[in-house]
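What you see below is based on every heavy atom in this structure, not just the backbone, and it leaves out hydrogens, waters and symmetry mates.
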Amino acid sequence: QTVNYADIENAPFDLIEAFNRAAALGALDAEATDVLDTVYDAITPTNWVESDGSVITEDDTTAPGTAQQEMIYAGQRLIQNQGGDTSPGNMVAFLHPKSLQELILDVTTEYWAGAGGAPASSPQLMNTSMGVLENRLGVDMVATNAVAAQDNTTNDVYRNVLMMKGSIGLAVAADLQIEAQRRPDLSAVKVGARHRIKGA
C-alpha cells in the first residue's frame, strides 16, 4: 500500500497505524477462514447433524431450520460415541452469528432451566435481554462469520462446527510481518504485510 505524505498529514488519525490494525485483523480472518472453512471443506465429515439435532449424511438433505439446543446435544453424542472427550470445557462450537442468535432465542423451558442469574419464573429473560451466550451445556460458544456458507443444490446452509479443543491445529510458517519504508522520492510511505499459515 502506498500512503502519500499529504494523506498522512491531512488525516485526523494515524494512517500507518490504521493499516497495521487492518493487517492484523486480516490475518486473524485468514486464520479463522482456513481453520473453519478451508480445512472442513477439504475433508469428508463423519458427524453431520441438522439444526434440530437429527442425524444426516450430507448438508443438502432437508430444509435448514432454526438452530436449536438439540443440535449441540446430538453433536456431543456423536463425538462421545467415537471416544471423544466432551467433558465441560473441552468443547467449542463455532457458530455463524445467525445460528448463535437463534440459540439465544431458543427459549424452550428445558434449555434455559438452570441458567445462572435468571429468575425462576422467567428463565429466558436474562439471556435474551443480554443477548449473550458464551457457554452452554459445557460448550464454549464462539460467534464467527468464518464458517463455510455452503452453496448447495437445494438448500444453502452455514456449516457450523462443534469440535474438541485441539482437534484442529494452525501452523504458522511466518508470523504476521508488517513493514514500512519511507520513499522521499515518491513523497510517500510504502507499507506491506505478509503472513503464512496452514490449518490441519
Side-chain angles (χ1 to χ4, degrees), residues 1-45 47 59 67 71-72 75 79 84-104 130-136 138-152 156-200:
Q1 184 78 38
T2 301
V3 184
N4 295 321
Y5 287 167
D7 293 329
I8 294 174
E9 293 161 357
N10 292 338
F13 54 87
D14 188 338
L15 271 180
I16 303 300
E17 180 58 29
F19 172 85
N20 293 347
R21 286 196 303 269
L25 290 172
L28 290 173
D29 183 65
E31 291 176 359
T33 300
D34 191 63
V35 168
L36 298 174
D37 187 342
T38 307
V39 169
Y40 269 88
D41 202 39
I43 64 174
T44 303
N47 296 331
D59 57 4
M71 74 178 192
I72 303 295
I79 292 172
D85 180 7
T86 62
S87 57
N90 199 44
M91 302 290 296
V92 60
F94 295 98
L95 306 172
H96 188 273
K98 178 179 181 292
S99 302
L100 186 62
Q101 185 181 49
E102 290 170 351
L103 271 184
I104 291 171
M130 296 295 289
V132 175
L133 185 63
E134 295 177 340
N135 185 292
R136 193 63 182 161
V139 177
D140 293 338
M141 305 289 180
V142 179
T144 175
N145 64 357
V147 294
Q150 185 66 13
D151 183 12
N152 292 320
D156 297 341
V157 296
Y158 292 111
R159 282 184 174 176
N160 297 305
V161 177
L162 174 68
M163 69 170 80
M164 291 188 303
K165 294 177 181 177
S167 60
I168 283 186
L170 181 72
V172 179
D175 289 334
L176 175 64
Q177 298 174 350
I178 301 173
E179 298 175 323
Q181 181 183 29
R182 286 187 173 274
R183 291 291 304 274
D185 55 319
L186 300 177
S187 292
V189 176
K190 290 282 191 180
V191 290
R194 60 184 300 270
H195 189 211
R196 292 183 63 203
I197 57 167
K198 177 59 184 169

N90 side chain to M164 main-chain N or O, any donor-acceptor pair under 3.5 Å? no
Taking all atoms of both residues into account, what is the closest heavy-atom pair of A93 and V139, and its distance? N-CG1, 3.6 Å
Between N160 (side chain) and H96 (backbone), is there a donor-acceptor pair under 3.5 Å? yes
For R21, the salt bridge (charged side-chain N to carboxylate O under 4.0 Å, His left out) test, sequence neighbours excluded, returns E17
Counterpart residues, salt bridge (charged side-chain N to carboxylate O under 4.0 Å, His left out), relative to K190 (two or more places apart): none
Where at least one partner belongs to residues 174-200, residue pairs that pass ring-ring contact (aromatic ring centres under 6.0 Å, His included), sequence neighbours excluded: none
Can you name the nearest heavy-atom pair linking S99 to A67, along with the distance? O-CB, 3.6 Å
For R194, check salt bridge (charged side-chain N to carboxylate O under 4.0 Å, His left out) against everything at least two apart and list the hits. none
Who pairs with R182 by side chain to side chain donor-acceptor pair (under 3.5 Å), at least two apart in sequence or on another chain? none
Please check this pair: side chain of D37 against backbone of V147, looking for a donor-acceptor N/O pair closer than 3.5 Å. no
Under the 3.5 angstrom rule, does the side chain of D7 hit a backbone N or O of V3 as a donor-acceptor pair? no
Tell me, please, which residues at least two apart from D140 pass side chain to side chain donor-acceptor pair (under 3.5 Å). N135, K165
Donor-acceptor pair, distance only, cut-off 3.5 Å: does the side chain of T33 make one with the backbone of A30? no
Is a salt bridge present between R159 and D41, judged by a nitrogen-to-oxygen distance below 4.0 Å? yes
Minimum heavy-atom separation for I8 and L15, please, with both atom names. N-CD1, 3.8 Å
